[in-house]
Amino acid sequence: MLKVASWNVNSLNVRLPHVQAWCAAAQPDILALQETKLVDEKFPAEALAEAGYHSVFSGQPTYNGVAILSREPAEPDDIVTDIPDFDDPQRRVLAATIGGVRVIDLYVVNGKEVGSDKYEYKLAWLAAATRWIEAEMKAHERVIVLGDFNIAPEDRDVYDPEAWHEKILCSTPEREALQRLCGLGLTDTFRLFEQEERSWSWWDYRMNMFRRKLGLRIDLVLSSKSLTEACGAAYIDVEPRRQDRPSDHTPVIAEFKI
DNA sequence: ATGGTTGCGTAGCAA
């Protein structure tokens, strides 16, 4: 069984103890991280190696930053840190082949507000990422695309769809961009299974949103066809969000019978 | 329309 997870940690410096504890408890084979907010020189590779994980990472000062942890002995290979033909200093993508699976970790642009410059950057970024992933899928049979998509796929992924109607994370162009990505042959593993209604992966820090159970599901694990057929479970582990000094996101997980 | 909270870095931006 291959257990794969994604977690936006909102600073790995702050969240390293949370990641160590969660890995010890949940034992993921592969864990994709976003918003590490660490330059590569400061990545805690030794501490994670002591926990039994290889690390590959692509960071920058202050913002963004992605990493893929993989449980030994699988060695990450063929690492890619940039979308081809898309000039971008922001460290938002990381791909590696691990145990015959092409793992593509995405920290999708937030976009701030519909119509803003950042929104246009988000849509251009998504188009470029989709072109890249199309090529990756032609080159690899088993592909997992996971991360913080900063898009709620459907209204049922939003605590108040009317309030969020055509707002950032929910607008039609963003959802259509996600559909185009999924149209390459990728499936949102979470929806392969019956789930509790009102399941979220992110809750705003403000206004006691977590305690009030008001969030969005914007963190996804997508799988290519052969992996989708082998997917035995997909779920959200809300426990890390309950802990002291949590990330605003919680891990999302998929398990594959391979 | 704005605010609220957290992280980084020590002001103000990003989310």
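Every chain is numbered from 1, with letters handed out A, B, ... down the list of sequences. Predicted model only: the values in this text are computed from it and were never measured. Computed from heavy atoms alone, side chains included, the values below leave out hydrogens, waters and symmetry copies.
In the hydrophobic clustering, A/Ile144 connects to A/Leu2, A/Val4, A/Ile30, A/Val56, A/Val66, A/Ile68, A/Ile79, A/Leu94, A/Ile98, A/Val101, A/Val103, A/Tyr107, A/Leu146, A/Phe190, A/Val221, A/Leu227, A/Ile236, A/Val252, A/Phe256, A/Ile258, either directly or through intervening members, whenever side-chain heavy atoms lie under 4.5 Å apart. Apart from A/Leu192 itself, the hydrophobic cluster it occupies contains A/Phe193, where clustering links Ile, Leu, Val, Met, Phe, Trp and Tyr at side-chain heavy-atom distances under 4.5 Å.
The separation of B/dT6 from B/dA11, taken at their C1' atoms, amounts to 16 Å, rounded to a whole angstrom. Using atom P as the reference point in both B/dG4 and B/dG9, the two lie 24 Å apart (nearest Å). Taking the P atom of each, B/dG12 and B/dA1 are spaced 25 Å apart, rounded to whole Å. Here, B/dA14 and B/dT10 have their C1' atoms 16 Å apart, quoted to the whole Å.
Contacts of A/Ser11 classified as side chain to side chain donor-acceptor pair (under 3.5 Å), with partners at least two apart in sequence or in another chain: none. Residues passing the side chain to side chain donor-acceptor pair (under 3.5 Å) test with A/Glu162, sequence neighbours excluded: none. Partners of A/Tyr63 according to the ring-ring contact (aromatic ring centres under 6.0 Å, His included) rule, which considers only residues two or more places apart in sequence or in another chain, do not exist here.
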Q) Reading nucleotides 6-15 of chain B from the 5' end, what letters show protein touch, with B for base, S for backbone sugar-phosphate only, - for no heavy atom under 4.0 Å? A) SSSS---BSB
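Under the 3.5 Å distance criterion, with hydrogens and angles disregarded, no donor-acceptor pair is assigned to the side chains of A/Gln34 and A/Asp148.
For residues 67-79 of chain A, every residue pair satisfying the salt bridge (charged side-chain N to carboxylate O under 4.0 Å, His left out) rule, not counting sequence neighbours, is listed here: A/Asp29-A/Arg71.
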Review item, side-chain donor-acceptor pairs of residues 36-46 of chain A, under 3.5 Å, at least two apart:
residue	atom	partner	partner atom	Å
A/Thr36	OG1	A/Gly65	O	3.4
A/Lys37	NZ	A/Asn10	OD1	2.8
A/Asp40	OD1	A/Gly59	N	2.8

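The stretch residues 161-175 of chain A has no heavy atom under 4.0 Å from DNA chain B, so no residue of it qualifies as close.
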